[in-house]
Amino acid sequence: MCILSPTGYLEKFLKYFNFGVINKVNFEIIIVRNIMAGRRPGLLGQMWQNIKKSLLIYRANDLFMGSDQHGNRYFERPEDLSRGIKRQRRVKPLNPDQFNVPNVPVEWMTWLQGRRLNPPTEDEIEKNQITSARTQMRAQELEKQKQAADSEDIEERTEPFQAKSKFPVYEDYEITPGDKKRKS
């Protein structure tokens, strides 16, 4: 019995589909010969290539790109088109919990989404925090000014309470059809 992969997945797969035990080296030589001869690999060959690629993806090393003030760490897996690996960016929160989404700053969110090529620098993050704090202070000042203006405007518009007037009475209209005279 030969082990074809570290965990024995391929061996289990081949036994399940009644292929018996196949030597891994011979299997790969058959696939390479078919490719060099211009033939596309069959279903089994394509499956084997996909299994190899998927195992290699998990072995790819992630590069540490930086961290933020919340303790989140950001990683990037560079793309390698020869192995079928696309560039992937991810965040690893300080306290991984499947129910809580990590609080990610805007600068890092744009990097994660691929809107920018390079991760944000510390100077850029600090500058954006100062700008954000200044904008929030200005918004609070404007809100106070608006509330003061609204309270003054409300005081000017309010009129003293007047008693409710009676419903208007028009002499030329009838109250009941055919009754021309109005009782006062």
Side-chain angles (χ1 to χ4, degrees), residues 4-10 12-13 35 40-41 43 45-170 173:
L4 300 176
S5 65
T7 54
Y9 288 122
L10 182 61
K12 292 176 186 175
F13 170 78
I35 292 172
R40 293 182 56 205
L43 177 64
Q46 288 177 351
M47 290 172 60
W48 173 249
Q49 292 296 329
N50 289 338
I51 290 171
K52 277 181 36 179
K53 285 181 182 178
S54 67
L55 292 175
L56 291 175
I57 288 173
Y58 290 116
R59 281 194 238 152
N61 293 331
D62 292 344
L63 302 173
F64 176 72
M65 301 306 284
S67 62
D68 63 11
Q69 67 271 15
H70 303 293
N72 299 326
R73 298 174 50 165
Y74 299 92
F75 295 92
E76 180 178 40
R77 180 178 294 160
E79 68 181 80
D80 185 5
L81 297 179
S82 65
R83 292 186 358 200
I85 299 174
K86 295 181 182 178
R87 181 181 66 201
Q88 294 178 351
R89 295 174 174 174
R90 66 182 179 90
V91 59
K92 185 176 181 182
L94 181 64
N95 298 322
D97 184 12
Q98 70 184 48
F99 299 111
N100 294 332
V101 178
N103 189 9
V104 178
V106 176
E107 298 86 8
W108 282 106
M109 184 60 75
T110 56
W111 179 78
L112 284 171
Q113 293 172 346
R115 295 181 187 173
R116 59 186 301 163
L117 294 176
N118 300 321
T121 61
E122 294 296 324
D123 295 335
E124 181 182 357
I125 292 172
E126 185 177 336
K127 178 184 169 188
N128 288 343
Q129 286 176 346
I130 292 170
T131 304
S132 175
R134 188 179 310 140
T135 304
Q136 288 176 356
M137 286 176 33
R138 288 180 185 164
Q140 289 174 355
E141 290 173 5
L142 287 175
E143 186 67 31
K144 288 178 185 177
Q145 291 175 1
K146 184 177 183 232
Q147 287 176 351
D150 285 347
S151 65
E152 291 174 5
D153 194 27
I154 289 173
E155 290 173 4
E156 291 174 4
R157 285 189 281 154
T158 55
E159 300 172 3
F161 177 73
Q162 295 178 357
K164 204 173 194 184
S165 63
K166 293 184 178 181
F167 191 75
V169 178
Y170 300 104
Y173 290 114

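Here, residue 1 is the first one in the sequence, and each next residue gets the next number. Basis for what follows: all heavy atoms, side chains included, without hydrogens, waters or symmetry-related copies. Here the structure is a predicted model, which is why all the values come from computation and not from measurement.
Test K92, R90, R89, R73 against D62 for side chain to side chain contact (heavy atoms under 4.5 Å, CB included) and you get one pass: R90.
Between atom CD of residue E141 and atom CD of residue E143 there is a gap of 12.0 Å, rounded to the nearest 0.5 Å. Between atom CZ of residue R77 and atom NZ of residue K86 there is a gap of 13.0 Å, rounded to the nearest 0.5 Å. The distance from the CD atom of Q147 to the CG atom of D150 is 8.0 Å, given to the nearest 0.5 Å. Considering CD of E126 and OG1 of T131, their distance stands at 10.5 Å, rounded to 0.5 Å. Considering CG of N103 and CE of M109, their distance stands at 9.0 Å, rounded to 0.5 Å. Put simply, CG on L112 and CE on M65 are 11.0 Å apart, with the number rounded to the nearest 0.5 Å.
The nearest pair of heavy atoms linking R116 to E107 is CD-O, 3.9 Å. Contact record, P102 with N72: CB-OD1, 3.9 Å, taken as the closest heavy-atom pair. Scanning both residues, F75 and W111, for their nearest heavy atoms gives O-CH2, 3.6 Å.
Applying the 6.0 Å contact sphere to CD of E122 captures no more than 12 heavy atoms from other residues, nucleotides or ligands. More than 12 heavy atoms of other residues, nucleotides or ligands lie within 6.0 Å of CD in Q129, so this atom counts as buried by the packing criterion.
Distance alone, capped at 3.5 Å, places no donor-acceptor pair between the D68 side chain and the V104 backbone. In this structure, S132 contributes its side chain and N128 its backbone to no donor-acceptor pair below 3.5 Å.
Side-chain contact check for P105 versus H70: some heavy-atom pair is nearer than 4.5 Å.
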